[in-house]
Amino acid sequence: MKTQQIYLDNNATTRIAPEALEAMAPYLEDCYGNPSSTHRLGVEARERLVRARAAVAELIGAKPPEIVFTSGCTESNHLAILGALALSGRRHIVSSTVEHPSTLMLLRDLQTQGFKVTFLPVDRDGGLDLGQFERALSSDTALVTLMWANNETGVLFPIARLAAIARSRDILFHTDAAQAVGRILFDVKTAPVDLVSFSGHKLHAPKGVGGLFVRAGLKWPALLRGHQERRRRGGTENVPAIVALGAACWLAADSMERDNVRIAKLRDRFESGILSALRPWVSVNGGKSERLPNTTNICFGTVDAEAVLVRLDREGIFASSGAACSSGGIEPSHVLTAMGLGRASASSSIRVSLSRYTTEVEIDRVLDALPAIVRELVAESSLSAAF
């Protein structure tokens, strides 16, 4: 009998919600018009874009015209950062050492073009120093770009407070909210952010669709020319995926608060079970900070995380590490090393990220399997060391 699969890698991507799949299906088959066309099929597609835009806007407290549809958060991050530089004319950016690679790699490229970037450090729990943040701002700062929720540890930055400081200095504020939108309460009316990036596949919509919130009043420069998206992002809209994103946002708005209570209990159940079973070998990275309710990052002493993940995979349990592949082999997570973990500890950490579809039965099964796997690896390591 085939082992039931348990998916615990939801910060990488989520399964598409049945409601989102059902909503998009007609726009892959019969209702395939271009929303820029004036005939009936085009008008129908355009009407569905309007409805989807309203759903996305409502989820984050925005107005529909403030939402620009994109291919996902990477594109949105690029549009936000490059657009802010073009709009401002200033040459300095403030960010952090734990951002997503789509931001870090762009910022490092901008440094080679003469832009100055301040990468703020984080403490052992993944938090920022507000005083250090304020001191980093200058009259030449064009933009602050900081994640709302870290994709590896789930640690939340105090974005509303940081954005208010930036606004008081007349500095644009962008947040990569890929892990936050649809997972925590989010309102751009009370958080003075100017730009918000998000991605559909993190909240049970398909891959290849996302968006950028651009606060009303910003005369945003187009980086992709075309008449679509109010001339802010050219290219024919991906109607089926956008319709699914709208459905996923409606679903999140309706169920997020009650889902989060249940998910947080499951996450805490998992953490306490692992800590109880494997103490003193294990610890939670960022566990003392405010975090996403679905995310935990566990360090298993010196046990190789990749070995743990391989054995979990054999059991039909899918999680991940923050390690990155390079030409020289596996590099430890830049997030964990920025938090002060040594190379060995960072390479011994795995991320478990839950979703609305995660069940108590699944968590109990992981709590059965994972401690045994870690003990086996510790025993094998001790045995090999003896020889």
Side-chain angles (χ1 to χ4, degrees), residues 8-13 73-74 77 95-109 111 117 119-128 146-147 149-157 176 178-179 267 270-271 274-275 278-289 291-292 294-313 317-353 366 370-371 373-378 380-382 384-385:
L8 298 175
D9 196 18
N10 288 281
N11 285 9
T13 196
C73 203
T74 292
N77 287 344
S95 190
S96 83
T97 54
V98 295
E99 299 300 307
H100 189 271
S102 63
T103 294
L104 290 177
M105 293 174 75
L106 173 59
L107 295 180
R108 287 169 184 152
D109 184 64
Q111 285 180 305
V117 182
F119 293 103
L120 297 170
V122 294
D123 60 27
R124 182 76 183 198
D125 294 310
L128 286 174
L146 291 168
M147 307 178 86
N150 190 269
N151 56 306
E152 292 191 30
T153 62
V155 171
L156 302 172
F157 282 162
D176 172 348
Q179 302 293 343
R267 192 271 309 273
F270 171 77
E271 283 185 355
I274 291 297
L275 290 171
L278 294 173
R279 191 175 277 115
W281 296 332
V282 295
S283 57
V284 179
N285 298 318
K288 296 179 181 178
S289 295
R291 291 176 293 159
L292 290 170
N294 79 314
T295 306
T296 184
N297 193 295
I298 305 279
C299 177
F300 294 100
T302 58
V303 175
D304 180 59
E306 294 303 314
V308 174
L309 293 171
V310 167
R311 297 199 186 193
L312 283 173
D313 191 289
I317 301 167
F318 309 128
S320 65
S321 71
C325 295
S326 70
S327 58
I330 300 293
E331 290 295 320
S333 158
H334 74 281
V335 172
L336 299 182
T337 54
M339 289 168 62
L341 272 72
R343 187 182 183 93
S345 294
S347 298
S348 301
S349 300
I350 71 168
R351 178 187 68 189
V352 169
S353 47
V366 178
L370 183 53
I373 287 171
V374 173
R375 291 191 192 100
E376 286 173 6
L377 289 168
V378 168
E380 290 172 12
S381 175
S382 300
S384 62

Derivation of the side chain to side chain contact (heavy atoms under 4.5 Å, CB included) call for Leu370 and Phe300: CA-CA 11 Å; Leu370 183 53; Phe300 294 100; 3.9 Å; yes
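- Counted by atom type alone, Asn294 and Ser353 present zero donor-acceptor pairs between their side chains at under 3.5 Å.
- Nearest heavy atom pair, residue Ser102 against residue Asn77, reads OG-ND2, 3.1 Å.
- Between Leu104 atom CG and Ser95 atom OG the span is 6.0 Å, to the nearest 0.5 Å.
- The shortest heavy-atom contact between Asn297 and Ser349 is OD1-CB, 3.5 Å.
- In this structure the side chain of Ser96 never reaches within 4.5 angstrom of the side chain of Met147, judged on heavy atoms.
- Remark: Asp9 engages Arg351 in a salt bridge (charged side-chain N to carboxylate O under 4.0 Å, His left out) (not counting sequence neighbours).
- Shown here for Ser345 and Cys299, the closest heavy-atom pair between the two residues is O-SG, 3.5 Å.
- In this structure, Val335 and Val98 approach most closely via the heavy-atom pair CG2-O, 3.8 Å.
- Under the 4.5 Å side-chain criterion, counting only non-hydrogen atoms from C-beta, Ile298 is not in contact with Asn285.
- Side-chain N or O atoms of Asn150 include none that pairs as donor or acceptor with a backbone N or O of Gly154 at under 3.5 Å.
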Worked check of salt bridge (charged side-chain N to carboxylate O under 4.0 Å, His left out) between Arg311 and Glu380: CA-CA 13 Å; Arg311 297 199 186 193; Glu380 290 172 12; 2.8 Å; yes
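- For the atom pair CG of Asn11 and OG1 of Thr295, the computed distance is 4.0 Å after rounding to the nearest 0.5 Å.
- Atom OG of residue Ser283 and atom CD1 of residue Ile274 lie 12.5 Å apart, to the nearest 0.5 angstrom.
- Using a cutoff of 4.0 Å between basic side-chain nitrogens and carboxylate oxygens, Glu331 and Arg343 are scored as salt-bridged.
- For the pair Arg124/Met339, no side-chain contact is recorded, criterion being any heavy-atom separation below 4.5 Å from C-beta on.
- Side chains of Asp125 and Val155 form no contact here, defined as non-hydrogen atoms less than 4.5 Å apart.
- To the nearest 0.5 Å, atoms OG (Ser289) and CZ (Phe157) are separated by 9.5 Å.
- Between Val303 and Trp281 there is no side-chain heavy-atom pair separated by less than 4.5 Å.
- With respect to Glu271 and Arg279, no salt bridge is recorded, no charged nitrogen being found less than 4.0 Å from a carboxylate O.
- Here the closest non-hydrogen pair linking Arg291 and Gly286 is CD-O, 3.3 Å.
- The heavy-atom pair separating Ala319 from Val352 by the smallest distance is CB-CG2, 4.3 Å.
- Interatomic distance, CZ of Phe318 versus CG of Leu312, reported as 10.0 Å (0.5 Å rounding).
- Counting heavy atoms from C-beta on, the side chains of Glu152 and His334 come closer than 4.5 Å.
- Once rounded to the nearest 0.5 Å, the distance linking CG of Asp304 with OG of Ser347 reads 7.0 Å.
- A donor-acceptor contact shorter than 3.5 Å links the side chain of Thr337 to the backbone of Ser333.
- Of the candidates Leu120, Leu146, Leu107, Leu146 is the only one forming a side chain to side chain contact (heavy atoms under 4.5 Å, CB included) with Glu99.
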